[in-house]
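Read through the structure below, which is laid out as structure tokens, and then see the notes.
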Amino acid sequence: MHQKTTTRELVLTALFAALCFLGTYINIRIPFPGGAGSAMIHFGNIFCLTAALVLGGVKGGLAGGLGMGLFDLISGTYALYSPGTFLGKFLTGLVCGLIMHRGHKPFSMKRGFLAAGCGILVNVFLSPLNSMIVLSLTSGGTTKPVLFAAVGDLLLSLLNAVIAVVVSVPLARGITLGLGKSSASHR
């Protein structure tokens, strides 16, 4: 059965994409020695997971992929990472949202943490892989800086993951409660 996207869902997806962009824009860049690039601590993953927890996998994944992929594209520094970022964040949101919304049960903090944790694990593995691919293509085949950058990206991805899971689930719970009250009052 095909479900139509409502105007409200479209607006919320766009809003979350903007929040993913802004959350990634607010960052601390960590350069890697030896010209192996850089990674960053940011808040974009919080909004990617929150979007997936609130809207479901496809819409949450699109919000994360579009918002953070667009940030990479226009940042200058991370433009080559943009396709991999879009795919990685889309899959992160997709996994999170599919787990959270399986069975259409009411919001549960326990299921939220499980869904967010599983979703962000996708990112923890795909972000360093994206770095390795881009740096391999741009470094002329120099292996040591590529591996060093991938390990650094993995460590920062783990830190970002913990922050994103801890913050996104209570945030999504509050938004879900607010949207539930909002939709009931407009009937």
Side-chain angles (χ1 to χ4, degrees), residues 9-33 35-97 112 116-117 119-135 137-138 149-176 178-179:
E9 291 169 329
L10 185 61
V11 169
L12 286 171
T13 303
L15 176 65
F16 276 116
L19 288 170
C20 288
F21 177 90
L22 290 173
T24 309
Y25 183 79
I26 300 167
N27 65 67
I28 301 167
R29 292 184 188 206
I30 312 293
F32 297 126
S38 66
M40 60 183 158
I41 298 171
H42 63 85
F43 302 112
N45 291 325
I46 292 170
F47 297 111
C48 178
L49 293 176
T50 303
L53 292 167
V54 172
L55 299 173
V58 173
K59 293 174 188 86
L62 280 174
L66 289 171
M68 288 185 267
L70 182 61
F71 170 82
D72 280 2
L73 189 62
I74 66 171
S75 72
T77 306
Y78 300 105
L80 294 175
Y81 293 81
S82 186
T85 297
F86 174 82
L87 179 62
K89 302 309 178 176
F90 175 77
L91 292 173
T92 296
L94 182 67
V95 168
C96 176
I120 204 67
L121 277 177
V122 172
N123 182 69
V124 167
F125 291 106
L126 290 183
S127 183
L129 180 61
N130 190 25
S131 291
M132 287 177 62
I133 291 168
V134 170
L135 291 172
L137 294 172
T138 60
V151 169
D153 195 326
L154 176 65
L155 294 175
L156 286 174
S157 291
L158 286 168
L159 176 61
N160 278 327
V162 170
I163 294 167
V165 170
V166 168
V167 175
S168 67
V169 177
L171 181 60
R173 171 81 171 144
I175 292 169
T176 301
L179 289 174

What's the shortest heavy-atom distance between [X] and [Y], and which atoms?
{"X": "Gly93", "Y": "Cys48", "value": "N-SG, 4.1 Å"}
{"X": "Val122", "Y": "Gly88", "value": "CG1-O, 4.4 Å"}
{"X": "Val124", "Y": "Ala161", "value": "CG2-CB, 3.8 Å"}
{"X": "Val58", "Y": "Phe90", "value": "O-CE1, 3.7 Å"}
{"X": "Ser82", "Y": "Leu73", "value": "OG-CB, 3.7 Å"}
{"X": "Gly112", "Y": "Leu53", "value": "O-CD2, 3.9 Å"}

Report the distance from atom [atom1] of [X] to atom [atom2] of [Y], rounding to the nearest 0.5 Å.
{"X": "Cys96", "Y": "Leu121", "atom1": "SG", "atom2": "CG", "value": "11.0 Å"}
{"X": "Leu126", "Y": "Asp153", "atom1": "CG", "atom2": "CG", "value": "11.0 Å"}
{"X": "Ile163", "Y": "His42", "atom1": "CD1", "atom2": "NE2", "value": "9.5 Å"}

Anything under 3.5 Å between a donor and an acceptor, one on a side chain of residues 17-28, the other on a protein residue two or more places apart or in another chain? List them.
residue, atom, partner, partner atom, Å
Thr24, OG1, Cys20, O, 2.7
Asn27, ND2, Thr24, O, 2.9
Asn27, ND2, Tyr25, O, 3.0

Hey, are the side chains of [X] and [Y] touching, using non-hydrogen atoms and a 4.5 Å cut-off?
{"X": "Tyr78", "Y": "Met68", "result": "no"}
{"X": "Leu12", "Y": "Leu179", "result": "yes"}
{"X": "Asn130", "Y": "Thr85", "result": "yes"}
{"X": "Asn123", "Y": "Asn45", "result": "yes"}

Please check: side-chain N/O of Asn160 versus main-chain N/O of Met40, any donor-acceptor pairing under 3.5 Å?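 Answer holds: yes.
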Does CZ in Phe86 sit with more than 12 non-hydrogen atoms of other residues, nucleotides or ligands closer than 6.0 Å?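 Enclosed.
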Only one of Ile120, Leu171, Val54, Val167 clears side-chain contact (heavy atoms from CB on, under 4.5 Å) with Leu49; which?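 With Leu49 as partner, side-chain contact (heavy atoms from CB on, under 4.5 Å) holds for just one option, Ile120.
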